[in-house]
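All values reported here derive from a predicted model rather than from experimental measurement. Throughout, a chain's letter reflects where its sequence line sits, starting with A, and its residues are numbered from 1. The figures here come from the full heavy-atom set of this structure, side chains too, leaving out hydrogens, waters and symmetry mates.
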Amino acid sequence: MKYKALVAKYLAETLNLDAQMVEGNLETPPQEDMGDFALPCFRMAKELRKAPQKIAEDFANQLTELPEYISDIKNAGAYVNVFLNRALYCQDFVGEALAIGEQFAHTGIGEGKTILVEYSSPNIAKPFHVGHAFSTIIGDVLAKMYQHQGYNVVRLNHLGDYGTQFGKLIVAYELWGDEEKLTSDPIGELLRIYVRFHKEAELRPELDLEARARFKALEEGGANEYRLWQRFRDLSLKEFESVYKRLGVHFDSYNGESFYSDKIPAVVKELEEKGLLETSEGARVVKLDELDLPPCIVLKSDGSTIYATRDLAAAAYRYETYNFDKCIYVVGLPQNLHFKQVFAVLAKAGHNWAKNLVHVGFGLVKFPGDRKFSTRSGDVIYLEDLLNEAVSKTREIIVANNNGREVPMSEEEINETAEAIGLGAVRYTFIRSGRERDIVFEWEDILDFEGDSAPYMQYAFARAHSILRRSGVTPEEAMQLSPAGLGSDSEFALCREMAQLNIALQQATDNNEPSILARQVMTVCRAFSRFYNQMPILQADNIQQREARLALCAAFVSVLQTTLGILGIRTVERM
RNA sequence: GCACACGUAGCUCAGCAGGAUAGAGCGGCCGCCUCCUAAGCGGCAGGCCGUACGUUCGAAUCGUAUCGUGUGCACCA
């Protein structure tokens, strides 16, 4: 980053060009032997009335007095290729990385700003399956990315804890509920009676009427209904929280749909007063024709509210409460239109903060052959089961490797390591690709711990750690190691990739796209794997080289610790 | 029908504020553990970047059209 600006400045000054223009045009050549930065000269052709190749050639000829950070400049076709002083570059990077530690890639760009992230948002009384993990993990990583940039992050879990389904649950529970099972396996029991309700209601339609009545009673403060609803909610939340804890996810608020229900009338009143509501086919709607959007229904024809109304109320409440600079909704892609409408209504109501609301959509988790998850038919994978499976497979691998170890792992270390690796593997499958892509759920893919996977990265970390451990230098000493003398291909490549993490985090944040960061962290790990396979570290030729390579290892460990941390992937010292 | 995504190697995906021979992982084939943990490393094979026009000195990247897939489009969330 820093070097790009330096190179641009040098080129601009020597060639009498605009520094910003040069930096904007400067690119990374596709191949290593073409140097580290390249200036394409096509665009100057018209103005200078010369062939681009000729321009590049002339430029290269003028660039004879090189600053110390540039080792060479060559002309190739229409490009001016710049070769960095690798030793200096590596020394600089490693020294800085060791000095700043966990502040690595911290820009402070979000200092003093508040950002709200709404994510996860499961429905109460329904099992937490692999599909919910998508929102949960994307949201968690986004929150961590923003936090690392200095933002004040507020994590919101907009629970689906309201609606006619609760009338059904109340009826079903009174008819078939099993108190004991509700205590031992709350969601399992709630799901059982919910499924049964739907089955029986097909034959006895009066059940649906009863359910509607009970939901109405709940809304109107019926004591019995409220007590049951509260119980279902508490029990479900308790189960969700255990999954969250395991995933390393937490929330600042669990205010869900029910929380906003009493804040709806004010919103409706406001829209009414601003003359935005119109009656259409019996419903009260806000028309959005001028934006080429279908009207947003605010009140149904029976006068009751709808999810859009709740989202309107929630947004307003959040702005009043947090005065946010940005509020992002990590909700599935299919709801894109819904959010466009909600945001448009708020803007139309004159709230200029509506422009700071953003929907961050993500794809679907499905089975091969476009088979969708279905809670009701039982055709789903529960997240808990997936996590357990991943951890137990990891455990098998660790146990198998444990036999040949000099210092075998204790039972406790095996368990902790298996948990960290297994969960890492699952987490990574949700952030490795662009979030808008669908994920096809295949056990073999998720439980493949080789190649493009979190365990690969965790393994690289463990190897680096192991080298440091064997070297005998303490972590404090490691920070003082001299990185002078680095500069071989693999050493330089590793430093360059690590330096790219800054930009990757920035882009990932700008686009609300964790995969951009995840991908670069992966690239760094690959560069490290190559490095330690190619270069003897503990048995380096001389002391200076050994020390410099250890410093590089220490820098890698430090950088990876913080970036994997942002991704929510735990590190282990051995695996 | 309208809108929004997506279509890149056998599979899963990068690359898309246009630039030098299109990248990675998996799978396939061939090598590497007397040497820092083989969850690793090296190598080979594999692609008219859906199709057709257009813009440009230059297009996987931008525009238009077209085909295919997915999703959404009023009282469910």
Legend entry - side-chain N/O A/Lys340 vs B/G72 OP1/OP2, d < 4.0 Å: no

Inset, instruction - Tell me whether the OP1 or OP2 atom of B/A77 has a side-chain N or O from A/Arg310 closer than 4.0 Å. - result: yes

Inset, instruction - On RNA chain B, check which nucleotide each of A/Gly77 and A/Asp370 is closest to and give me the residue with the more 5' one. - result: A/Gly77

Legend entry - Distance in angstrom units between A/His338 NE2 and B/A77 P, rounded: 10 Å

Once you apply a heavy-atom cut-off of 4.0 Å, does [X] come out as touching a base, just sugar-phosphate, or nothing?
X: A/Arg43; value: base
X: A/Leu337; value: sugar-phosphate
X: A/Met535; value: base
X: A/Lys393; value: nothing

Legend entry - Pairwise distance CZ(A/Phe461) to OG(A/Ser466) - rounded to 0.5 angstrom: 11.5 Å

Legend entry - A/Pro29 side-chain proximity, nearest of B/U71, B/A20, B/A74: B/A20

Legend entry - Of the listed nucleotides B/C36, B/U71, B/A77, the one nearest the side chain of A/Glu257: B/A77

Legend entry - Those residues that, when tested against A/Phe492, pass side chain to side chain contact (heavy atoms under 4.5 Å, CB included) (two or more places apart): A/Asp36, A/Leu84, A/Arg86, A/Tyr89, A/Cys90, A/Arg496

Legend entry - With A/Lys366 via salt bridge (Lys or Arg N to Asp or Glu O under 4.0 Å) - residues at least two apart: A/Asp370, A/Asp438

Inset, instruction - Quick one: list whatever passes salt bridge (Lys or Arg N to Asp or Glu O under 4.0 Å) with A/Arg214, sequence neighbours left out. - result: A/Glu174, A/Glu210, A/Glu225

Inset, instruction - For RNA chain B, list all stems, counting runs of three or more consecutive pairs where every pair is Watson-Crick or G-U wobble with both distances under 3.5 Å. - result: B:1-7 with B:67-73, B:10-13 with B:23-26, B:28-32 with B:40-44, B:50-54 with B:62-66

Legend entry - Reading 5' to 3' through nucleotides 6-14 of chain B, protein heavy-atom contacts under 4.0 Å coded B for base, S for sugar-phosphate only, - for none: SS-----SS

Legend entry - Sequence-aligned protein contact record of nucleotides 39-44 of chain B, with B where the base is within under 4.0 Å of a protein heavy atom and S where only the sugar-phosphate is: BSSS--

